[in-house]
Amino acid sequence: MDILAGLNAAQREAVQYIKGPLLILAGPGSGKTRVITHRIAYLVKTTGVSPRHIMAVTFTNKAAREMQQRLQKLLGSLSEQVWAGTFHAICARILRRDGKSLGLDTNFVIYDEEDQQSLVKQCLLDLDLDPRQYNPQKIRNAISQAKSQQITHDGLTARARSPWDDIVCRVYERYQEQLGQSNAADFDDLLMKVVQLFEKHPAALEKYRSRYLHLLVDEFQDTNLIQYKLIRLLGGKHRNVCVVGDPDQSIYSWRFADIRNILSFEKDFPDARVIVLEQNYRSTKNILGAASAIISANKKRKEKDLWTDNTEGTPVFLVKTYNEQEEAQFVANEILKLSGSDSIKPGDCVVMYRTNAQSRAVEEAFMRYGLKYKLVGGTRFYQRREIKDTIAYLRVIQNPFDNISLSRIIRIPGRGIGAKTLSDLTNWARENNLSLFTAVKAVNEGGGPGFGAKINTALAGFYRMLNDLIMEGQQLNLIKLIDTVLERSGYRETIRGEEDGEERWENIQELRTVAADYDDLPPGEGLAPFLEKVSLVADTDEIESREDTVTLITLHQAKGLEFPIVFIVGLEEGLLPHRRSMEEGGDELEEERRLCYVGVTRAERNVYLMHTVRRAIFGMSSESTPSRFLDDLPEHLVERKGMIPGEEQPGGNVRVRAKRWRDEDEGINIADLLAKKSGLPQPSAGLAEVNPGDRVRHAKFGDGQVIGVRVTGQDREVIVAFEDSGVKKLLLSMAPLEKI
DNA sequence: GCAAACATGATTTTT
DNA sequence: TCATGTTTGC
């Protein structure tokens with residue numbers, strides 16, 4: 001197979017330029033992944049580089065997996081020798097192997113954000129600081145930010161400028177101490193410690209440098225300082241570093257991604273070749289034009305000239321609806337319409353939004369319309385309480401000094417050990433500089449802070465159970481171990497008795513399925529790799545896409561995906577751009593704009609940019625203003641739908657508004673058919689022509705005059721001033737009203 | 001120690 | 001509005 005076949009000139013150049021630093025600026029839909037994988041294949045097949053000498057770094061497991069799969073197709077089994085992984089997975093592996101000199105034992109646990117937060121809270125308590133006064137979340141974030149720049153506790157102390165900084169520093173110090181005692185590393189540590197390792201131990205660095213002679217980095221615009229440092233260290237000698245990214249798609253600065261890394265790259269590698277991939281293979285001309293218009297308004301930006309050979313396509317639809325219910329209803333209606341008349345299926349459609357809360361209205365409408373949907377994100381699998389609990393048990397078995405996991409499971413299920421006991425125990429452990437596990441052991445041996453007989457018995461039972469499980473952990477295969485843990489701890493019984501216990505239990509069974517991959521390993525040896533896997537994986541493998549299922553997703557998560565039909569809802573000031581990014585400086589606003597750009601550039605055929613007149617936020621409905629991003633759309637690329645300016649009437653002329661997207665549709669209205677068939681209330685149906693000023697008669701209240709009409713969800717609320725019964729609010733669909 | 005009342009504050013979330 | 005964490009009463 002010819003590796004270069006089907007590549008355009010720029011792509012080909014990027015594939016063939018293999019010696020020395022290379023920066024690829026890849027516009028959306030420009031075949032970026034193709035270039036990376038073909039480049040690797042080219043290195044191996046054409047220039048004879050051993051796949052063992054290639055490392056490819058990604059941000060997500062999904063990206064790593066996809067890369068691996070595509071390499072498999074190009075290279076066959078040779079592809080397995082390429083080290084393709086996420087920053088965190090790669091670093092974790094390096095630390096397991098070589099982290100001893102940094103005080104990390106090979107079986108260290110990896111703390112996720114929730115664990116980090118618990119630890120911060122504990123540290124605050126240890127330091128006699130009130131967690132309500134000093135927000136643990138903010139402190140966690142500050143520590144994470146410091147680590148992302150390789151600023152140690154000492155370094156942070158040196159630059160502390162305010163009382164708040166001092167608090168952060170004190171917590172940071174204790175926090176690191178506690179991580180050490182628990183033989184734990186948080187996500188940031190994985191990176192920071194590898195950099196420390198390489199800086200302190202040149203031999204270790206040399207080992208990896210001489211092994212991985214070709215380095216590729218995907219989504220380079222999302223790297224933070226420490227990640228870039230790592231790349232420089234690993235690639236600094238052979239300088240065969242290829243980074244691929246798009247500054248216009250940088251949307252993770254709040255995770256400390258630093259767009260300046262792209263500039264630094266050109267400074268640190270002055271001889272770097274820069275290749276820009278500008279041809280787009282994904283979208284129509286109109287969509288690309290709209291996207292370019294939006295992103296061009298950013299000031300701090302490298303100009304890129306995207307173009308496409310694709311057709312012009314339909315205009316970008318600019319849709320205005322009254323509120324979020326009608327917005328969602330429009331989406332549902334449109335999807336049904338498209339899938340009736342066009343070659344489009346619901347599975348080709350995606351609804352994107354800025355905040356997760358916005359999915360609600362969409363879900364409700366989809367349920368009414370009988371549309372299947374898949375919500376991406378939400379409460380993620382490994383974040384679920386029952387999953388975290390189960391994993392915490394397993395972690396303690398693997399590493400009893402893991403204080404955070406131990407304090408999680410000691411009270412669950414209830415075994416007569418409560419908050420008070422736990423805090424006494426924790427304090428005693430702290431005073432004696434012991435781990436929680438050792439403290440429990442001490443109580444069992446007649447020491448400890450001195451509890452009553454009842455608590456002593458409870459703790460003794462807990463300690464015995466843990467010991468048994470630790471022992472048996474050595475002798476059981478993973479699945480048997482998990483079953484034993486759930487049974488012996490009483491967790492199974494407890495969880496199944498709870499509300500939605502069955503669902504939770506099924507989730508645990510799902511975890512057990514993941515464990516099946518490690519069940520064939522010899523007794524005792526499956527646990528460690530299993531825990532590694534679940535610590536570094538944010539989600540279960542994606543459910544395969546189905547033809548009949550619409551995807552609901554945040555704009556952030558949509559990066560890297562593509563769909564024929566894209567709906568972006570809530571393009572309103574305060575939502576997109578989000579109000580929190582409007583407060584200060586232009587930088588965050590520019591990022592919001594990039595977010596919008598990412599959304600639009602996901603589309604292949606159609607884009608619907610939607611906004612409302614009123615939207616409920618935190619339960620309170622208020623007027624909304626169309627997003628400033630919409631102002632930048634050139635009129636000739638746009639077609640308006642929904643409420644058309646100039647045609648609306650003050651007071652809310654319901655009929656005209658509803659008509660717009662229902663009656664102009666040629667052909668049958670599938671939604672109506674569906675609704676009738678299923679016997680569900682027909683959305684937005686039965687709209688009587690009622691306007692303020694009309695005289696009406698009510699069966700009970702008598703005659704009156706309509707003084708207002710308001711849209712509420714699917715219905716209209718009519719306010720009528722009755723001659724005899726006073727002012728009443730009535731639902732148009734329910735009230736026995738007739739016009740007189 | 002635990003359940004129910006109460007207060008609070010609420011983007012985005014690759015690992 | 002609603003989910004989460006904290007206080008309160010048994």
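Throughout, a chain's letter reflects where its sequence line sits, starting with A, and its residues are numbered from 1. These numbers were taken from a predicted model, which means no experiment stands behind them.
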Report task. Measure from CZ on A:Phe381 to P on B:dT15 and round the result to the nearest Å. Result -> 15 Å
Report summary line: Considering only heavy side-chain atoms of A:Ser581, the closest of B:dT15, B:dT12, B:dT11 is B:dT11
Requested in this report: Check whether any side-chain nitrogen or oxygen of A:Arg380 sits under 4.0 Å from OP1 or OP2 of B:dT14, and answer yes or no.
Outcome: yes
Query raised in the report: Counting just side-chain N and O atoms, does A:Thr421 come under 4.0 Å of either OP1 or OP2 of B:dG1?
Result: yes
Query - A:Asp186 side chain to A:Tyr175 side chain, donor-acceptor N/O pair below 3.5 angstrom - result: yes
Query raised in the report: Can a side chain N or O of A:Arg360 be found less than 4.0 Å away from OP1 or OP2 on C:dC2?
Result: yes
Query - Presence of A:Arg580 side-chain N/O under 4.0 Å of B:dT11 phosphate oxygens OP1/OP2 - result: yes
Report summary line: When rounded to whole Å, the CD to P distance for the pair A:Gln227 and B:dT15 reads 12 Å
Report task. Can you tell me the distance, in whole Å, between the CG atom of A:Leu531 and the C1' atom of B:dT15? Result -> 16 Å
Query raised in the report: What are the two closest non-hydrogen atoms of A:Arg415 and A:Ile409, and how far apart are they?
Result: NH1-O, 2.8 Å
Query raised in the report: What is the nucleic acid contact for A:Ala419, judged by heavy atoms within less than 4.0 Å: base, sugar-phosphate only, or nothing?
Result: sugar-phosphate
Report task. Could you work out the separation of C:dG5 and B:dT12 based on their P atoms and round it to a whole Å? Result -> 16 Å
Query raised in the report: A:Asp222 CG to B:dT12 C1': how many Å, rounded?
Result: 13 Å
Report summary line: From CD of A:Gln249 across to P of B:dT14 the rounded distance in Å is 17 Å
Report summary line: Residues A:Thr152 and A:Gln196: closest non-hydrogen pair is CG2-NE2, 4.2 Å
Query raised in the report: Are a donor atom and an acceptor atom from the side chains of A:Ser148 and A:Gln145 found within less than 3.5 Å of each other?
Result: no
Query - N/O (side chain, A:Asn356) to phosphate O (OP1/OP2, B:dT12) under 4.0 Å - result: yes
Query raised in the report: Is A:Gln557 near enough to B:dT14 that one of its side-chain N or O atoms lies under 4.0 angstrom from OP1 or OP2?
Result: yes
Query raised in the report: Counting just side-chain N and O atoms, does A:Asn61 come under 4.0 Å of either OP1 or OP2 of B:dT15?
Result: yes
Query raised in the report: Touch check for A:Glu592, heavy atoms < 4.0 angstrom, all strands: base, sugar-phosphate only, or nothing?
Result: base
**Report entry** A:Ser627 side chain to A:Glu572 side chain, donor-acceptor N/O pair below 3.5 angstrom
**Finding:** no
Query raised in the report: Syn versus anti for B:dT11, judged by chi lying within 90° of 0?
Result: syn
Query raised in the report: A:Asp188 CG to B:dT14 P: how many Å, rounded?
Result: 15 Å
Query raised in the report: To the nearest Å, how far apart are A:Gln133 CD and B:dT8 P?
Result: 15 Å
Query raised in the report: Is there ring stacking between A:Phe87 and B:dT15, where the centres must be under 5.5 angstrom apart and the planes under 30 degrees?
Result: no
Query raised in the report: For A:Thr554 and A:Phe618, take the nucleotide of DNA chain B holding the closest heavy atom to each; which residue's nucleotide lies nearer the 5' end?
Result: A:Phe618
Report summary line: Sorted by position of nearest nucleotide on DNA chain B, 5' first, the leading residue of A:Glu591 and A:Glu113 is A:Glu591
Query raised in the report: Considering only side-chain heavy atoms of A:Trp254, which listed nucleotide, B:dG1, B:dT12, B:dT15, is closest?
Result: B:dT12
Query raised in the report: Atom CD of A:Glu572 and atom P of B:dT11: how far apart are they, to the nearest Å?
Result: 16 Å
Report task. May I ask you to say what A:Gly560 touches in the nucleic acid, namely base, sugar-phosphate or nothing, with a heavy-atom cut-off under 4.0 Å? Result -> nothing
**Report entry** Distance-only donor-acceptor check, side chains A:Asn183 and A:Asp402, under 3.5 Å
**Finding:** no
Query - Ring-base stacking, A:His578 with B:dT11 (5.5 Å, 30° cut-offs) - result: yes
**Report entry** Short side-chain N/O contact to C:dT7 OP1/OP2 from A:Arg132, under 4.0 Å
**Finding:** yes
Report task. Would you indicate what A:Tyr252 reaches in the nucleic acid, counting non-hydrogen atoms under 4.0 angstrom: base, sugar-phosphate, or nothing? Result -> base
Query raised in the report: Taking atom types as modelled, is there a side-chain donor on A:Ser624 or A:Thr612 under 3.5 Å from an acceptor on the other?
Result: yes
